[in-house]
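Every heavy atom of this structure was used, including side-chain atoms; hydrogens, water molecules and symmetry mates were not. So that the names make sense, note that chain A is the first sequence line, chain B the second, and so on, each numbered from 1.
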There are 2 protein chains.
Amino acid sequence: MNKPCAQHAHPHRLVQQSLTELTDKLRARDRKITAPRQAVLDVLRRHAHPLTNREIHAALGKADCDLATIYRNMHTLESMGLVKRYDFGDGTARFELVQGEGDPHHHHLVCRHCHTIIEVEDCFPTELEQRLAARHGFTEVSHQLEFFGVCPRCRRDGAASVP
Amino acid sequence: MNKPCAQHAHPHRLVQQSLTELTDKLRARDRKITAPRQAVLDVLRRHAHPLTNREIHAALGKADCDLATIYRNMHTLESMGLVKRYDFGDGTARFELVQGEGDPHHHHLVCRHCHTIIEVEDCFPTELEQRLAARHGFTEVSHQLEFFGVCPRCRRDGAASVP
DNA sequence: TTCCATTTGCAAATGGATTGCAGCACCGGG
DNA sequence: CCCGGTGCTGCAATCCATTTGCAAATGGAA
């Protein structure tokens, strides 16, 4: 709670939940098991990094479904705690599957040029968060933290990666 | 650099720069001193918290100018380092005047209901930032951190403040 | 005062996200 | 196994922050 957490924890977040498990979670919450929903969960399941709704939509092959449906489902899944929303400050939300109950939230290190994403297991702010809550009488406190920079590759290639 | 910084630092960020000083900064960077620009700076100068472009626009009284002009100027001022952009995750950017050279960036604690903003002087992540940069070979690293919660007043009033 | 690059106002265009609505599908009860 | 109600979906329209094209207006150096 006060420590820098795992130093060199999982370099990649691996798929840990089967589609069946995820489906069960839907069922447990009285949500209908629909094709679009399963397709979305399956896409998220096989990606280690946050995806935008558009990326999810593109990743759906033949299971294609309406973008609006994806937007709606992401809200649903988020409120159910199955996915977590991240904001990289570029105006589009990104979603990642939550790995079970005690999955501690994490942060990201994003390349400003090629948008490569590195998962960051460390998390300091929680401590600060407690202090702030106490000092200002706030409740239900949470925080959002992301890191930005230029990755080794983009630095080498010059800033010509993404205009 | 490794410490939690000031514990009970300035509860409010005060106006520290005169309009003249700000204007001089524009001049120093070969920017034209125009009415809209001065008006915007003056509005920011007299507000202790981040403002959205729309709020700035509304705050301009007779000095009214086009919203697009404000958007363009905020980009300019940001690239000049005169203002800093903040993202509270609600889809609209907010800007705050940077208090001179060594003004250490800071963060905010925002009420999810009434959107009250509390300036947070503490800043931990810089340390983590260094570690991340080193570990992954990233350069020009920066971070963005904001806290969210429910303020004492909104908790009392029930979640009826903002729909 | 003159000239030109920078700015501005206005209107149209973008792009992510949301919503109204009618039709379809999941799934518990019969 | 079939039926009906509630929840979902597709589609199109809409919202809203932000951006952009363009011609006219304006700083400010010569």
Worksheet item: Is a side-chain N or O of Q130(A) found less than 3.5 angstrom from the main chain of E127(A), in a donor-acceptor match?
Response: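 No.
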Worksheet item: Does the H49(A) side chain pair with the main chain of I117(A), one donor and one acceptor, at a distance under 3.5 Å?
Response: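 Indeed, once roles are kept as given, a pair shorter than 3.5 Å links the two residues.
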Worksheet item: Do the side-chain N and O atoms of D66(B) and H57(B) include a donor-acceptor pair separated by under 3.5 angstrom?
Response: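 D66(B) vs H57(B): no donor-acceptor pair found between side chains.
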Worksheet item: Can you find a side-chain donor-acceptor pair between H106(A) and E96(A) that sits under 3.5 Å?
Response: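 Yes.
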Within this structure, what is the [atom1]-to-[atom2] distance between [X] and [N], rounded to whole angstrom?
X	N	atom1	atom2	result
I70(A)	dT9(D)	CD1	P	10 Å
L77(A)	dC8(D)	CG	C1'	13 Å
K32(B)	dG27(D)	NZ	P	8 Å
R31(A)	dT9(D)	CZ	C1'	15 Å
H57(B)	dC16(D)	NE2	P	16 Å

Discussion item. Return whichever of R85(B) or T76(A) has its heavy-atom-nearest nucleotide of DNA chain D closer to the 5' end.
Written reply: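 Looking at DNA chain D, the more 5' nearest nucleotide goes with T76(A).
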Worksheet item: Quick one: on DNA chain D, does H75(B) or T34(B) contact a more 5' nucleotide (nearest heavy atom)?
Response: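 Nearest-nucleotide comparison on DNA chain D picks H75(B).
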Discussion item. With a 4.5 Å cut-off on side-chain heavy atoms, are L41(B) and L77(B) touching?
Written reply: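 With C-beta onward as the side chain, the pair touches.
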Discussion item. Can you see if the side chain of R37(B) gets near the phosphate of dG27(D) - specifically, an N or O under 4.0 Å from OP1 or OP2?
Written reply: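 The answer is no; no side-chain N or O of R37(B) sits under 4.0 Å from OP1 or OP2.
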Worksheet item: Can you pull the contact range of chain A along DNA chain C, 5' to 3', using atoms under 4.0 angstrom from its heavy atoms?
Response: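 The footprint of chain A covers dG16(C) to dC27(C).
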Within the 4.0 Å heavy-atom criterion, would you say [X] contacts the bases, only the backbone, or no part of the nucleic acid?
X	result
A68(A)	base
R72(B)	base
R54(B)	sugar-phosphate
L67(A)	nothing

Worksheet entry | From CD (Q17(B)) to CG (L22(B)), nearest 0.5 Å |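 Between Q17(B) CD and L22(B) CG, I get 4.5 Å after rounding to 0.5 Å.
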Item to complete: Could you label the plane-to-plane angle of the H107(B) and H143(B) rings as parallel, tilted or perpendicular, counting under 30° as parallel and over 60° as perpendicular?
Response: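 Taking H143(B) first and then H107(B), their aromatic rings sit tilted (interplane angle of 30° to 60°).
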